[in-house]
Every structure is written in structure tokens, then in C-alpha cells.
Amino acid sequence: MSARRTFTRPARLAAIAPYLWMVLFFLVPFGFVLKISLSQTAIAQPPYLPVFDLAAGAGAIKAAFAALSLDNFRLLVSDDLYVLSYLRSLVVAAVSTSVLLLIGYPVAYGMARLPRRWQSVTMMLVIVPFWTSFLIRIYAWINILQHDGLLNQVLLALHLVSAPVVWLSTDSAMYLGIVYSYLPFMILPLYATLAKMEPALLEAAADLGASPRTAFWQVTFPLSLPGVGAGALLCFIPIVGEFVIPDLLAGSSSMMIGQTLWLEFFTNKDWPVASAAAVVLLVLLLAPLVLYDRLQRRQLEGAR
Amino acid sequence: MAEELPNVEAAPAPKPEPPVAIAPEAVVTEPAVAADMPLLRIEAVVKKFGIFRAVDRLSLDIKAGEFFALLGPSGCGKTTLLRMLAGFETPDEGRILLDGKDIAQVLPHQRPVNMMFQNYALFPHLSVHDNIAFGLKRAGMARSEIDSRVAELVALVKLDGLGKRKPDQLSGGQKQRVALARSLARRPKVLLLDEPLAALDKKLRESTQLELMELQRRLGMTFIIVTHDQEEAMTVASRIGVMDAGRLDQVATPRELYEAPASRWIAEFVGDINIFEGQVESREAGRLAISTRDAGTVIVAEPRAPITRTVVSVAIRPEKVKLSRRGPVSDAVNAHAINRLEGTVTDVGYLGGLTVYKVKLDTGAVVRSSMANTARLDIDAYSAGQRVVAWFTPDDCLVLEQ
């Protein structure tokens, strides 16, 4: 009996550890953000009211709770700026994810069908950009896309255009940057599902009269759907909250929610509204997150 | 369903493969007469992987309605040959004629041939019904017709009530049946079976073998099975081709293969056998006297094909070696016991239906004898350490030249 107890205690601790992590680094900070989102702006340090002061006693804390309000959320709904930011974020994420899927799927498919030796080489090529800082790579794109940048020079040299084209600060540049940055996150889960597919299944499909095209749509594609789901959500969720790429590559005419958040937080110093925007963003992303979690779990069960 | 009975009578004895003398080109030159054209003709087919010849100028005819087994150790090229019939590999040389048409270059999805895969290769995302219907949908069959054909197949392989299950909700035996039904659905001219029973446990495998035979007889379809299990090949097939190193060493009925193997290698590969090497000493009245080191002089019946070499092997199956106690022997023993070897029982392996004895001869060699346990009480049994006479008739001996 005692032997069993000494065995289970570390095991139980190990099981608790991830939850502890979640509570410490997600739930507690989120509690702060939620509280700030219910507060009012103030010219003070910190720049919002009320402030919980545990030393002031129970009465003060009760008063502080009473001072909380949903005003900031009402503002978010009433002002077009926020609604449009959310919409733009969702549209950008949806379009980018679609483009990523269209590019990533053929690449992953090709990788999975290469001889084993070449698979690890191409895998390396997909991962290698991570060795350079993300910011440096985006700045490199600015260099390429700017007025006298590499792209315009090549186009001019090839006489494809007669005058430099404006690339930078356009939506095209932003989409290019997003697709470029997120492509590995699309390719890797797709490759993982495609590579573990039994080649005999395609032979069986061919044997039963399916042309290569039919075999792809009837067998390969349906079996790769978990990878498609994982890749799509792995890209969609962070792209919705993307800040750096639209800020550096897109124009300033419309903003994604990440940029709006930044603006509220650092320029307007309106922490409560910024927090409210962040809370809404999280709620918006909850649905795809739950979906992703479910897909992951199903894949784990399938692997068993 | 067509209830035509296939002609399953034993195929005529094939001409014994000439040892090595004949140039491989000579095998090819049989003229193809349309009238007695076999269903499937494999002509001098070669498949190379790099410099390795997986299939090496192999020729074979298979008639409609045959249950043919390709038997050989792993790596002998039998699976490669089957994959060429299915279209997954393309021969480097030679022709594969199905109904007189060369299909060697035809793509797999355009061949009237279906295959049952070794690990079944069931589509994990499709139900049992949809797996079986897969090939029918590709053929553009009407939905109602597909449903009735699938129902028919589900009943045929005894999977009633499981149509909605996914493959991972099935047992090994059930998966095997789904794979079989799926490969039969398109009513192929030839059904290829790649080690179809390898994943089943012994009991299930044996009952499935019998079902497979019955099914083949009922459907009158041509089956080609690849297996490394000689018992399985002997059980199910009407004809067996033994393959080694990319070539067919012998094509024969199970009985011929067992009782008249073409070479020492086949004799040892198919079943258990005692082998004594020796030299032909004399021949008279249809009998050869062969002097062996291990068993003294053995008298054997002279084989139909004349013996050309002096160094030969005498081979005898264990169940043809009888044991007797020493001392006065019965008349039956006297009448036949031209070959008598004295020795001591060293090992007794009781297998239920029969017992396998190892007898250490006085020369030091070991002879195996298996005796059917025809009586429940052990009156006829021998025990280790007992002195016995192992005897066998000249007709039961094989003379092998290689």
C-alpha cells in the first residue's frame, strides 16, 4: 500500500503541473485584464480606477467592486472603429488561411511523397527560416518591397512595368508577409498527417478503379482533414491577433484588432478599453480554440 | 450470381523444369494458340530493382477457374510478381497476357483484376458498406444496384449487421472479410490475394482457408494467392508454383509437389523430409541400390526420369518411415522392410494426431519418423532410449539429383 502511494504522488503532481501552469500564467493574468476592462480610465498610476487595496479593509474592497462597470464593452459595440477592426482581423485571417492552405497543401503533399532521405532535407528547408529573427525577416520584406527595392528593380529590368509599383503599405504586402511567416505552421501539421498515410490505401483505391485524381479526393484528402484542421486553426488563431505584420507592411487606412489594441494601450493610455478589446478577442477566438482542441484530442485517440 | 462451376480437376502434370541447361529464351517460344489460350499468360517477365532481379524471366500459364498459389520464402519475388499482375509494378521485360491482351503497361485502375492486400488496406474513413461499395462507385454503377450488390457481398462473407461500422471497430477476422468482399465486388477476372490470412491466428486461419476454397469454387473465379506458408498453399490451391530467387522452380499440384518434388530444395521447403546423400551403386529390375554414409545401402524404386548423375540424395518423408520394436517382426515388415535402419529413439514429440520420433541411427545420423496416433492408449508408442528399427519401402523413397 505504501509503495503504491509513493509511486502515485509524483504522478499526481505531474498531472497537476500543467493546470498549475495554466492558472499561474493564463488564468491569473486574465483575471487582471478582466478586472481592468471593467474599470474606468484615470489620470493616475496605474491609469485606471478603482484599485483594489487589500490593506484598506473589506469595506473599501466592496466599494471597489461596486465601482466596476461594463461601460468599456458598451463603447466597443457602439464605436465602428472596434467593430471594423474585429471584422477586418477575421477577414484577413480567413483569407490568409485559405491562401496558406492552397500553397501549403501541395507543398506538404509533395514532401510526403519524396523519398525518405529528401523528406528530412525539405523539412529542414521549411524550418530553417525560424533561425532568423521574425522581425528581421519582416524588415527584409520591407527592403524588397520598397520603392527602389529588389522586387521593383527586377520588374523594371524585365520590362514588366515601366515605373516602380507601390507595394509597401498595401494589403498585398501584408498578405504576403502573413502567408510567408505562417507557411511553416500550415505545412508541418499537413505533412505530419500526409506522411503517416499508408501508401497501400492509394494502391487499393487504384486497384478498385480510382484514377489518381479520384483516389486523391476520395482517400488522401478526407484522411488529411485532421491535418487541414490543425494547420488552419494553428494559422487562423494567431493571425486574428497579429500586430507586427500589418503594422509594418499594411497601410494605415484600416487596422486589425491587434493594432487597435496597441493604439489604445500605448498611444491613448486607455488600459480599460484596451483590456475590454482583448477580452472580446479572446471570446471570439474561443470557438476555434475549442475546435482545435477537439481535433487534437481526436488525433491523439486515433493514434492509439 | 453466376453459379458456373469451374473446372477444378487437377491440371496436367507440367513438364519438369529442366535443371539449368536450357537457355531461358527457349521457354518463351511456345506459339499462342487462341483456342486453348489460358486466362492469364505470363511470358518471360523480368523485374529489376537496381541490379537485383526480383523476377527473372518467369513464364507461367493460369487457366480460368484455377486456384493458383505462388509459394516461396520471403524475398523470392512472389509479391513482386503479384504486384505486376495488379499493375503496381511494370515489368522491365516480357508480356502479361490477360485473355490474350497484353496488360503489362495498363494502369492499375484500368485492369479487370482486383487485389486483396496483405494488411487489408481498408479505408479507415469509410464504413464497411462504403469500403465494399468503393470499387462499384468508381465503375459508375447506380446507387440501388450498388446497395443490392453490397448486401449480397456482406451476406457472402458473413458480415451481416456490420455495414455501418468503421474498420477500426472490427476484429481482425472481420477486417479480413471486408477486404475480401471489397476485392470481389467488381467481379474481377482474376482475384489476387497477397498473404490474405497472415494476420489471423492459427484456428481462424484454418477455417478461413476452407471458406476461401468454397467461395472460389462457388464463384468460379480465378484466384492467385501469394503465401510463404506451404500448408496454406497446399490446402487452398489446385496448383502451386514454387518460387525461389525470382524463378519458378516447380509448378505442380499439391500432391505432386509433396510426393515428387523437383529438387532437394523444394523437398525441404515443402514439408519435413529425411535426406541421405549417396552414390548409385547398381540397378536391377527397376530398383536402384544407393550406398549412403548415414543409412548404409538404400534400395529405392527407379524414378521415371533417368538418373544421370552418380551422386544423388535419397529423400523420404517422416510419415513414410515406420518404427518397429526389435526382435521378431511381423510379416508385413518382412515383406516390405527392404530398408531397415537400427537405432535408438532420442526425442518424442507428441502432437496429438501424430507423434514425431527422432531416432539416432547407429551410424550417428538422425532419422525422423511420424506415426499417426490411431489408438487412444499408448500401446504403439515408443519412448526415448528405446531401441527400434526404422524401416521404409523402396517406393516411398525419392531420388533427387540436385
Side-chain angles (χ1 to χ4, degrees), chain A residues 101 105 108-109 112-119 189-233 291-292 294-304, chain B residues 79 82-90 106-127 130-141 146 150 153 166-169 175 178-188 190-195 199:
Chain A
L101 204 55
Y105 200 104
Y109 184 78
R113 307 207 86 187
L114 283 173
R116 272 261 165 258
R117 200 159 45 94
W118 286 102
Q119 286 190 19
L190 278 174
Y191 166 76
T193 39
L194 286 168
K196 74 175 181 207
M197 232 184 69
E198 231 187 301
L201 292 179
L202 285 183
E203 288 184 347
D207 187 66
L208 294 166
S211 64
R213 177 195 292 256
T214 314
F216 174 81
W217 287 113
Q218 296 294 328
V219 179
T220 310
F221 188 71
L223 285 175
S224 68
L225 279 178
V228 171
L233 292 170
L291 197 67
Y292 178 69
R294 235 194 241 171
L295 270 176
Q296 286 274 299
R297 207 167 298 171
R298 199 182 306 165
Q299 228 168 346
L300 276 179
E301 273 159 20
R304 238 182 281 142
Chain B
T79 298
L82 198 75
R83 289 173 61 79
M84 284 195 281
L85 299 182
F88 303 134
E89 307 283 353
T90 314
V106 175
L107 292 169
H109 66 276
Q110 290 157 346
R111 291 187 186 206
V113 163
N114 282 126
M115 176 142 151
M116 189 187 149
F117 290 80
Q118 180 169 7
N119 295 317
Y120 314 138
L122 297 179
F123 303 122
H125 60 301
L126 298 181
S127 66
D130 290 346
N131 261 285
I132 299 173
F134 190 93
L136 302 174
K137 282 185 188 153
R138 305 287 88 75
M141 203 182 258
I146 291 180
V150 170
L153 286 158
K166 290 280 178 67
D168 57 0
Q169 296 169 310
K175 281 185 203 170
V178 177
L180 184 63
R182 188 180 70 173
S183 61
L184 286 170
R186 284 163 69 97
R187 296 188 181 151
V190 178
L191 180 69
L192 309 169
L193 303 113
D194 185 8
E195 304 265 9

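Just so we're on the same page: letters track the sequence lines, and every chain starts at 1. Computation of the quantities below employed the complete heavy-atom set of this structure, encompassing side-chain atoms and omitting hydrogens, waters and symmetry-equivalent molecules.
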Side chain, backbone, both or neither: which part of Ala205(A) has a heavy atom under 4.5 Å from chain B?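 Both parts, backbone and side chain.
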Grab the two heavy atoms, one from [X] and one from [Y], that are nearest each other, plus how far apart they are.
{"X": "Gln218(A)", "Y": "His125(B)", "answer": "O-NE2, 2.8 Å"}
{"X": "Ala121(B)", "Y": "Ala204(A)", "answer": "O-CB, 3.9 Å"}
{"X": "Pro212(A)", "Y": "His109(B)", "answer": "CD-CE1, 3.7 Å"}

Does any non-hydrogen side-chain atom of [Y] lie less than 4.5 Å from one of [X]?
{"X": "Met115(B)", "Y": "Glu203(A)", "result": "no"}
{"X": "Pro222(A)", "Y": "Leu126(B)", "result": "no"}
{"X": "Arg138(B)", "Y": "Ser211(A)", "result": "no"}

For [X], is it the side chain, the backbone, both or neither that has a heavy atom under 4.5 Å from a heavy atom of chain A?
{"X": "Leu136(B)", "answer": "neither"}
{"X": "Arg182(B)", "answer": "both"}
{"X": "Phe117(B)", "answer": "side chain"}

For Ser183(B), side chain to side chain donor-acceptor pair (under 3.5 Å) partners two or more places apart: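 Partners of Ser183(B) under the side chain to side chain donor-acceptor pair (under 3.5 Å) test: none.
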Begin from the C-alpha positions of Phe88(B) and Asp207(A) and carry the test side chain to side chain contact (heavy atoms under 4.5 Å, CB included) through to its verdict. CA-CA 9 Å; Phe88(B) 303 134; Asp207(A) 187 66; 3.9 Å; yes
Counting heavy-atom pairs under 4.5 Å with chain A, which one of Asn114(B), Leu192(B), Leu122(B) comes out on top?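 Of the candidates given, the most pairs with chain A belong to Asn114(B).
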Straight-line distance of Leu201(A) CG to Asn119(B) CG, nearest 0.5 Å: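 If I round to the nearest 0.5 Å, the distance is 10.5 Å.
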For Trp217(A), what residues pass the ring-ring contact (aromatic ring centres under 6.0 Å, His included) criterion, not counting sequence neighbours?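 Checked Trp217(A) against ring-ring contact (aromatic ring centres under 6.0 Å, His included); matches are Phe221(A).
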